J.: 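Provided herewith is a single structure, encoded as structure tokens, for subsequent inquiry.
Everything numeric in this text was worked out from a predicted model, so none of it was measured.
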Amino acid sequence: MESTHTGEPWNKGKLIGQKPPLKPKDIWAIRIHLQNSQQIRDLAMFNLAIDSKLRGCDLVNLSVRDVTHGNQILNRTMVVQRKTQRTVQFELTEPTRTAIAAWIDKANLKPAQYLFPSRLKKSPHVSTRQYARIVHRWISAIGLDSTIYGTHTMRRTKATLIYRRTKNLRAVQLLLGHTKLESTVRYLGIEVDDALEISEQTEI
């Protein structure tokens with residue numbers, strides 16, 4: 001029986017597949033934009049998203065006490081991932097600590113509060129959907145096509161840079177909290193990249 005369904009495919013006009021990581025120059029462009037426009041919360045969120053390599057649902061769920069001890073911003077911390085229930089650790093670099101401290105001070109946040117509280121009464125913290133919109137805003141602000149990038153761009157960026165510089169796949173697996181090495185290989189999309197790199201370096 002012939003289908004009478006005439007609706008457009010769900011993915012029409014959308015780019016499907018892995019969201020690419022940001023390049024170092026893009027990271028700095030976004031940081032400078034957020035600093036110049038004095039978007040204190042967004043700068044803290046952006047820096048933390050890059051450092052933590054967390055999924056969006058875990059990033060927005062962070063509390064102040066997850067990244068602080070007393071009045072100090074932690075150099076390292078760990079959280080339990082909601083998707084896998086596995087603990088993952090991450091570092092907070094100096095620019096990230098400075099940005100978080102400025103945000104906590106401006107928003108007058110207490111240890112038990114969410115780090116990125118929502119401005120909407122119905123939600124205690126920024127939702128993953130809101131976070132996705134914020135990411136697209138960052139991307140557009142520096143002139144990149146926001147349809148190509150997404151929240152997984154933030155998760156993949158530092159992990160991809162670490163892999164390219166070290167080729168240490170096991171380290172990246174631990175940082176992303178993947179249970180299987182194959183998941184990390186697929187997530188970074190490195191098999192094809194590495195194969196091409198090897199091929200380019202092989203002269204006949």
J.: Keeping the roles fixed (side chain from T68, backbone from V64), state whether a donor-acceptor pair exists under 3.5 Å.
T.: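 Answer holds: yes.
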J.: For residues V88 and M78, determine if any side-chain heavy atom of one lies less than 4.5 Å from a side-chain heavy atom of the other.
T.: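 The answer is no; the side chains never approach within 4.5 Å.
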J.: Between V80 and Q85, is any pair of side-chain heavy atoms under 4.5 Å apart?
T.: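 A side-chain contact exists here, since the closest heavy-atom pair is under 4.5 Å.
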J.: Do V172 and L188 pass the side chain to side chain contact (heavy atoms under 4.5 Å, CB included) test, and can you show the C-alpha distance, the side-chain angles, and the key distance before you say yes or no?
T.: CA-CA 9 Å; V172 177; L188 295 182; 3.8 Å; yes
J.: Sub-3.5 Å donor-acceptor pair from the side chain of T96 to the main-chain atoms of L92, do we have one?
T.: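 Answer holds: no.
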J.: Check whether any side-chain N or O of K167 sits under 3.5 Å from a backbone N or O of I162 as a donor-acceptor pair, and report yes or no.
T.: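 Not confirmed, K167 side chain does not pair with I162 backbone.
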J.: Between G177 and R86, which heavy-atom pair has the shortest distance, and what is it?
T.: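 Taking every non-hydrogen atom into account, O-NE, 3.8 Å.
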J.: Rounded to the nearest 0.5 Å, what's the gap from CD1 on I134 to CZ on R129? Could you check?
T.: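 Answer for the CD1-CZ pair, I134 versus R129, is 13.5 Å.
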J.: Determine whether the side chains of R97 and N75 contain a donor N or O and an acceptor N or O closer than 3.5 Å.
T.: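 Judged by distance alone, the side chains do pair up.
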J.: Honestly curious: do I40 and L43 fall in one hydrophobic cluster under the side-chain, below-4.5 Å linking rule?
T.: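 Yes, I40 connects to L43 through the hydrophobic network.
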J.: How far apart are the C-alpha atoms of H136 and Y149, what are their side-chain angles, what is the distance that settles it, and do they pass the side chain to side chain contact (heavy atoms under 4.5 Å, CB included) test?
T.: CA-CA 7 Å; H136 285 300; Y149 301 87; 5.8 Å; no
J.: Are Y114 and L62 close enough that some pair of their side-chain heavy atoms sits under 4.5 Å apart?
T.: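 In short, these two side chains do not touch, never coming nearer than 4.5 Å.
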J.: Just wondering, are more than 12 heavy atoms of other shown residues or ligands nearer than 6.0 Å to CZ in R137?
T.: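 Check passes, neighbour count above 12.
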J.: So T128 and T151, do their side chains get closer than 4.5 Å, heavy atoms only?
T.: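 The answer is no, as the side chains (C-beta and beyond) never meet within the 4.5 Å cut-off.
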J.: Are S63 and L115 close enough that some pair of their side-chain heavy atoms sits under 4.5 Å apart?
T.: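 Side chain of S63 against side chain of L115, heavy atoms only: no contact under 4.5 Å found.
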J.: Is a side-chain donor or acceptor of T153 paired with a backbone partner of P20 at a separation under 3.5 angstrom?
T.: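 Indeed, once roles are kept as given, a pair shorter than 3.5 Å links the two residues.
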J.: Check D105, L109, L48 against I100 for a side chain to side chain contact (heavy atoms under 4.5 Å, CB included) and give me the one that passes.
T.: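 By the side chain to side chain contact (heavy atoms under 4.5 Å, CB included) criterion, I100 pairs with just one of D105, L109, L48: L48.
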J.: Look up atom CD1 in I27 and atom CD1 in I32, then write down how far apart they are to the nearest 0.5 Å.
T.: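 Nearest 0.5 Å value for the CD1-CD1 distance: 12.0 Å.
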J.: Using a 6.0 Å distance limit plus a 45 degree cone around the ring axis, check whether R41 lies over the aromatic ring of F116.
T.: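 The answer is no; the distance or angle limit is not met.
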J.: Under the 3.5 angstrom rule, does the side chain of K23 hit a backbone N or O of P21 as a donor-acceptor pair?
T.: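 No: the side chain of K23 does not pair with the backbone of P21.
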J.: Salt bridge or not between K83 and D58? Use side-chain N to carboxylate O under 4.0 Å.
T.: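 Looking at D58 together with K83, the answer is no, because their closest N to O distance does not fall below 4.0 Å.
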J.: Do Q39 and F46 have side-chain heavy atoms sitting under 4.5 Å apart?
T.: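 No, too far: nothing below the 4.5 Å cut-off.
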J.: Do L34 and I142 sit in the same hydrophobic cluster, where Ile, Leu, Val, Met, Phe, Trp and Tyr count as joined when their side-chain heavy atoms come under 4.5 Å apart?
T.: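 The answer is yes; both residues are in one hydrophobic cluster.
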J.: Within the distance-only criterion (no hydrogens, no angle test), does the side chain of Q38 pair as donor or acceptor with the backbone N or O of Q35 below 3.5 angstrom?
T.: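 No; zero donor-acceptor contacts below 3.5 Å.
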J.: So which atom in C57 and which in N61 form the shortest heavy-atom distance, rounded to 0.1 Å?
T.: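 Looks like O-CB, 3.3 Å.
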J.: Would you check if V60 and V126 make a side-chain contact, meaning some heavy-atom pair closer than 4.5 Å?
T.: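 The answer is yes; the side chains approach within 4.5 Å.
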J.: Can you tell me if T184 and H178 form a side-chain donor-acceptor pair at under 3.5 Å?
T.: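 Note: T184 and H178 side chains meet the donor-acceptor criterion.
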J.: Take Y187 and H152 through the ring pair (Phe, Tyr, Trp, His ring centres under 6.0 Å) test and state the conclusion after the steps.
T.: CA-CA 10 Å; Y187 193 76; H152 272 282; 5.6 Å; yes
J.: Return yes if some donor-acceptor pair links the side-chain N/O of H125 with the main-chain N/O of P117 below 3.5 Å, else return no.
T.: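 Pair absent, no side-chain N/O of H125 close to backbone of P117.
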J.: Do any N or O atoms from the side chain of N47 and from the backbone of A44 form a donor-acceptor pair under 3.5 angstrom?
T.: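 Here the side-chain-to-backbone pair does not exist.
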J.: Any side-chain donor paired with an acceptor under 3.5 Å for Q130 and R133?
T.: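 Per modelled atom types, Q130 and R133 side chains form no pair under 3.5 Å.
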J.: Taking all heavy atoms of L176 and all of Q81, pick out the closest pair and write down the distance.
T.: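 Result for this residue pair: O-OE1, 3.3 Å.
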J.: Quick one: pull up CG in L74 and CZ in R76 and give me the separation to the nearest 0.5 Å.
T.: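 So the CG of L74 and the CZ of R76 are separated by 11.5 Å.
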J.: NE2/H33 to OG/S140 distance, rounded to the nearest 0.5 angstrom?
T.: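 Here the rounded value is 9.5 Å.
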J.: Look up atom CD1 in I73 and atom CD in E94, then write down how far apart they are to the nearest 0.5 Å.
T.: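 I73 CD1 to E94 CD: 11.5 Å, rounded to 0.5 Å.
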J.: How far does CG of L174 sit from CZ of F90, to the nearest 0.5 angstrom?
T.: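 If I round to the nearest 0.5 Å, the distance is 15.0 Å.
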J.: Inspect the contact between E91 and K158 and indicate whether a charged nitrogen and a carboxylate oxygen are less than 4.0 angstrom apart.
T.: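 Result for this pair is yes, salt bridge flagged.
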J.: Got a donor-acceptor contact below 3.5 angstrom from the R156 side chain to the L22 backbone?
T.: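 A pair under 3.5 Å: no.
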J.: Donor-acceptor check, side chain of Q72 to backbone of H69, threshold 3.5 angstrom: yes or no?
T.: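 No, the answer is negative, given that no donor and acceptor are paired below the 3.5 Å cut-off.
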J.: Is there side-chain contact between Y163 and L169, with heavy atoms separated by less than 4.5 Å?
T.: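 Y163 reaches L169 side chain to side chain.
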J.: Going by the rule side-chain hydrogen bond (donor to acceptor under 3.5 Å, both in side chains), which residues pair with S183 if we only count those two or more places apart in sequence or in a different chain?
T.: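 Applying side-chain hydrogen bond (donor to acceptor under 3.5 Å, both in side chains) to S183 gives none.
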J.: Provide the closest heavy-atom pair for I148 versus K19 in the form atom of the first, atom of the second, distance.
T.: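 Nearest heavy atoms, I148 then K19: O-CD, 3.1 Å.
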